2 protein chains.
Amino acid sequence: MLDSPQCPDCHRINDVLSRVGDRWSVLVVISLSRYHILRFNELKRKLGISQRMLSLTLKGLERDGLVSRTYHPTIPPKVEYTLTPLGLAFHEPLSALGHWALQNLDAIDAARGGYDAAAGKR
Amino acid sequence: MLDSPQCPDCHRINDVLSRVGDRWSVLVVISLSRYHILRFNELKRKLGISQRMLSLTLKGLERDGLVSRTYHPTIPPKVEYTLTPLGLAFHEPLSALGHWALQNLDAIDAARGGYDAAAGKR
DNA sequence: CGGTATCCTTACGGATACTG
DNA sequence: CAGTATCCGTAAGGATACCG
C-alpha cells in the first residue's frame with residue numbers, strides 16, 4: 001500500500017507521526033511541557049486517560065527518547081516523568097499546532113455548521 | 001472521562017486534533033499543499049490510500065473548511081481538490097511538525113535502538 | 001503508588017462490488 | 001472518473017482485577 005507512493009517522504013513523515021503523533025502522546029508531551037515534571041497518577045488524573053493507555057503511551061515515549069522516567073524505590077513507590085531535550089524540541093512544533101488548533105477552533109466549527117446546514121436542507 | 005480533566009484546554013486541543021489530526025488528513029493536506037490542486041484519483045495514487053478512506057477524509061476536510069471541492073460536470077466527471085485559506089494556514093504548523101519529524105527520525109530510531117538493546121539483555 | 005494482565009467492545013480501515 | 005454501499009478482519013482502547 002504505502003510501498004510505492006509518489007509522495008516521496010509522505011510515508012516517512014507518516015511513520016514518525018504514527019509513533020509520536022497519536023492522541024495521548026501529544027497530550028502527555030504538552031502536559032509535561034507545562035508542568036515540567038509529573039508523577040504517573042498526576043498525569044492520569046490530568047488527562048483523564050486510562051491506566052493502561054497511560055502506561056503504554058509513556059513506555060512508547062520513553063522508548064522514542066522523548067520522555068525520561070525516574071523511579072524512586074520508596075514506600076509507596078514514586079515515579080516521575082519529564083521531557084528529555086528531544087521531547088522538549090518536539091514540543092516546539094507541537095505547541096505551534098496546539099495554538100493553531102485553539103485559535104481556529106471557532107473557524108472550524110463555523111465551517112462545520114455551514115456545511116451541515118447546506119447538507120441538511122435537501 | 002474527558003469531562004473533568006485538570007488540563008484546561010487539553011481536551012479542546014485533543015478535540016481539534018482528533019478531527020484534522022489523523023493519519024490520512026495530514027497526508028492529504030501536505031500533498032495538496034505541495035501540488036496546489038489535485039484530482040481524486042491523483043490523490044489516491046499519490047498516497048496509496050483506499051478509495052473509501054480518501055472519500056471519507058476529503059469529506060471531513062471539506063466539512064471542516066480546510067479543503068474546497070470543485071466538481072466539473074464533464075464526461076467523464078472531474079473533481080478537483082485544493083486547500084482553502086484555512087487549510088493553507090493549517091499547513092504551516094503541520095509542515096513544521098513534518099520537518100521536525102524528518103530531521104529527528106534518526107535520533108528517535110537511535111533512542112529506540114538503545115531502549116530495545118537495554119531491554120533485550122534481561 | 002505504579003504498574004501488568006486479561007477481557008471485551010467499538011471503530012478504523014482495506015477489499016470488493018456497484019452507480020451516475 | 002468519482003464516488004457510495006457492504007462486508008469483514010484487525011487493532012485501539014476502556015474496565016476490571018491483580019501484583020510488587
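In what follows, chains carry the letters A, B, and so on, assigned in the order in which the sequence lines appear, proteins first and then strands, with residues in each chain numbered from 1. Treat the numbers as computed from the prediction; the structure is a model and nothing was measured. Any value given below was found using the heavy atoms of this structure, including those in side chains, with hydrogens, waters and symmetry copies removed.
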Donor-acceptor pair, side chain of T84(A) and main chain of G65(A), under 3.5 angstrom:
yes

What is the distance, to the nearest angstrom, from the CG atom on L61(B) to the C1' atom on dG3(D)?
16 Å

Using a cut-off of strictly less than 4.0 Å, decide whether Y71(A) has a side-chain nitrogen or oxygen near OP1 or OP2 of dG20(D).
no

Interatomic distance, L56(B) CG vs dA5(D) P [rounded to whole Å]:
10 Å

For dT4(C), does either OP1 or OP2 sit under 4.0 Å from a side-chain N or O belonging to K59(A)?
yes

Measure from CH2 on W24(B) to C1' on dG13(C) and round the result to the nearest Å.
9 Å

Please report, rounded to the nearest Å, how far the C1' atom of dC1(D) is from the CG atom of L38(B).
15 Å

Starting from C1' on dT4(C), measure out to CG on L58(A) and report it in whole angstrom.
14 Å

Which nucleotide in the set dG14(D), dC1(C), dG20(C) lies at the smallest distance from any side-chain heavy atom of P77(A)?
dC1(C)

For the side chain of Q51(B), counting heavy atoms from C-beta on, which of dG13(C), dA17(C), dC1(D) is nearest?
dA17(C)

With a 4.0 Å limit, can you tell me whether R39(A) has a side-chain N or O closer than that to the phosphate oxygens OP1/OP2 of dG2(C)?
yes

For R39(A) and P77(A), work out which heavy atoms get closest and say how close.
NH2-O, 3.6 Å

With respect to the side chain of N41(B), which nucleotide from dC1(D), dC1(C), dG14(D) is positioned closest?
dC1(D)

I49(B) atom CD1 is separated from dA2(D) atom P, nearest whole Å, by 14 Å

What's the closest nucleotide to the M53(A) side chain, out of dG3(C), dG13(D), dA2(D)?
dG13(D)

Find the distance K44(B):NZ to dC1(D):P and express it as a whole number of Å.
10 Å

Using a cut-off of strictly less than 4.0 Å, decide whether Y81(A) has a side-chain nitrogen or oxygen near OP1 or OP2 of dG3(C).
yes

Selection from dG13(D), dG2(C), dA2(D) that lies nearest to any side-chain heavy atom of R23(A):
dG13(D)

Flag, side chain of S31(B) to backbone of L27(B), donor-acceptor distance under 3.5 Å:
yes

Using atom CG of L54(A) as one end and atom C1' of dA5(C) as the other, report the distance to the nearest whole Å.
17 Å

Roughly how far apart are W24(B) CH2 and L54(B) CG, rounded to 0.5 Å?
9.0 Å

Of dA15(C), dC1(C), dA5(C), the nucleotide closest to the side chain of R52(B) is dA15(C)

Quick one: is dG3(D) close enough that its OP1 or OP2 comes under 4.0 Å of any side-chain N or O from R69(B)?
yes

Let me spell it out: for each of D22(A) and F40(B), pick the nucleotide of DNA chain D with the closest heavy atom. Which residue's pick is nearer the 5' end?
F40(B)

Which heavy atom in W100(A) sits nearest to a heavy atom in L86(B), and how many Å separate them?
CZ2-O, 3.7 Å

Below 4.0 Å: OP1/OP2 of dT4(D) and any side-chain N or O of S55(B):
yes

Can you tell me if NE2 on H72(B) sees more than 12 non-hydrogen neighbours from other groups inside 6.0 Å?
yes

